[in-house]
Amino acid sequence: NHLYHNGIYEYILFLMLKFMPIRNEIGTLIYIKNKDFKEMSYKDKEHKNYLVVGKQMTIHRYNYKTFATHGPKIHTIDNAGLRKEIKRHIKENEIEPNSPMFTFNGRPMTENDVSHRLSIISDKQLGIKLSTSSIIKIIINDKLDKITTDIDKRQYLEEVGNIRGTDVKTLVTYYMK
């Protein structure tokens with residue numbers, strides 16, 4: 001997959017984080033068709049994370065930091081531009097159903113790989129190493145700066161908290177400037 005060596009998958013990771021501010025498990029997604037996903041038992045889904053593609057595109061997470069507290073997380077990817085880029089990524093890299101969305105050095109990407117790759121790419125492009133947490137902080141604060149009312153800010157933080165599997169208090173404490 002020559003495209004992986006040109007930084008394309010990192011672009012998709014950055015883009016996905018912009019709209020789905022989750023942790024490093026973003027790199028562990030398995031691409032699967034909706035029909036196949038529906039046929040799987042819960043036990044087969046357990047401890048994995050999926051990008052499910054059918055009429056809708058959804059992320060299903062069963063393996064993330066606060067799973068024991070929050071359980072499975074399911075989120076629809078509503079942004080048409082993001083869906084288009086993900087589909088392009090799948091097509092151009094010939095990712096087969098039931099395969100990892102992202103690989104690194106010929107194997108499925110790990111959470112540590114995500115952190116490492118995003119840090120290297122941000123350092124190369126921006127001159128500063130950004131962790132997934134710092135990327136999320138930037139995204140949250142940029143969005144909050146554009147929201148005018150406290151009610152809307154609270155609603156946004158609740159949405160981010162739901163996506164991340166954390167509460168608003170934690171977001172305010174660790175992610176707001």
Side-chain angles (χ1 to χ4, degrees), residues 1-65 67 72-139 142-143 160 163-165:
N1 291 337
H2 69 285
L3 292 174
Y4 283 108
H5 300 291
N6 293 327
I8 297 299
Y9 80 89
E10 289 96 346
Y11 165 74
I12 296 297
L13 286 171
F14 276 112
L15 192 61
M16 289 178 79
L17 285 172
K18 178 179 178 181
F19 295 101
M20 302 296 293
I22 63 177
R23 296 177 184 88
N24 288 343
E25 72 266 9
I26 191 116
T28 66
L29 295 173
I30 297 168
Y31 162 59
I32 189 168
K33 301 271 185 165
N34 188 48
K35 178 183 172 289
D36 296 334
F37 186 76
K38 283 182 174 181
E39 292 174 359
M40 291 175 70
S41 70
Y42 181 86
K43 188 150 181 66
D44 289 337
K45 295 174 186 175
E46 229 176 2
H47 309 298
K48 295 179 186 166
N49 300 309
Y50 298 91
L51 174 79
V52 181
V53 178
K55 288 182 182 176
Q56 291 186 324
M57 188 178 286
T58 52
I59 292 178
H60 296 248
R61 292 179 296 145
Y62 299 84
N63 184 16
Y64 66 98
K65 184 178 178 180
F67 178 85
K73 286 287 181 185
I74 302 164
H75 300 285
T76 302
I77 298 176
D78 292 322
N79 185 281
L82 177 57
R83 285 193 311 267
K84 180 181 175 185
E85 289 297 321
I86 290 171
K87 286 178 183 176
R88 186 181 79 159
H89 169 75
I90 291 167
K91 182 179 179 182
E92 287 183 0
N93 291 287
E94 300 174 351
I95 300 170
E96 294 294 323
N98 308 314
S99 298
M101 279 286 295
F102 305 102
T103 59
F104 182 66
N105 288 337
R107 59 172 169 68
M109 184 174 252
T110 66
E111 291 185 28
N112 284 339
D113 293 333
V114 171
S115 181
H116 178 73
R117 292 303 307 155
L118 294 182
S119 175
I120 287 174
I121 295 301
S122 64
D123 189 35
K124 187 184 294 185
Q125 297 299 317
L126 306 171
I128 186 167
K129 292 181 179 182
L130 295 175
S131 66
T132 309
S133 291
S134 58
I135 293 165
I136 298 305
K137 286 178 187 179
I138 292 166
I139 290 167
D142 181 63
K143 180 75 172 184
V160 171
I163 290 169
R164 287 184 68 78

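Side-chain atoms are counted along with the backbone in the values below, which use heavy atoms only and exclude waters and symmetry mates.
- Applying the side-chain contact (heavy atoms from CB on, under 4.5 Å) criterion to N112, with sequence neighbours excluded, gives T110.
- I138 pairs by the side-chain contact (heavy atoms from CB on, under 4.5 Å) definition with L130, not counting sequence neighbours.
- In this structure K84 satisfies the side-chain contact (heavy atoms from CB on, under 4.5 Å) test with no other residue, sequence neighbours excluded.
- Of the inter-residue distances, the one linking I86 atom CD1 with M57 atom CE reads 5.0 Å to the nearest 0.5 angstrom.
- With hydrogens and angles ignored, the 3.5 Å screen pairs a side-chain donor or acceptor of S122 with a backbone N or O of L118.
- Under a cut-off of 6.0 angstrom, the local environment of NZ in K45 is crowded, with over 12 non-hydrogen atoms contributed by other residues, nucleotides or ligands.
- Among residue pairs with one or both ends in residues 49-60, those qualifying as side-chain hydrogen bond (donor to acceptor under 3.5 Å, both in side chains) are T28-N49, T58-H60; sequence neighbours excluded.
- Note that the CD1 atom of I26 and the CG atom of L17 stand 5.0 Å from one another [nearest 0.5 Å].
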Check step by step if side-chain contact (heavy atoms from CB on, under 4.5 Å) holds for V53 and Y31.
-> CA-CA 8 Å; V53 178; Y31 162 59; 3.7 Å; yes
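- For F102 and H89, the gap between ring centers is short of 6.0 Å.
- In this pair, Y42 and Y62 present their aromatic rings perpendicular. The plane angle is above 60°, beyond the 30 to 60° band.
- Remark: side-chain polar atoms of N93 are not paired, donor with acceptor, to backbone N or O of I95 under 3.5 angstrom.
- Residues satisfying the salt bridge (charged side-chain N to carboxylate O under 4.0 Å, His left out) criterion with E25, sequence neighbours excluded, are R61.
- Counting only residues at least two apart or on different chains, the salt bridge (charged side-chain N to carboxylate O under 4.0 Å, His left out) pairs with a member in residues 28-39 are K35-E39.
- Looking at R23, its side chain never comes within 3.5 Å of a backbone N or O of Y64 through a donor-acceptor pair.
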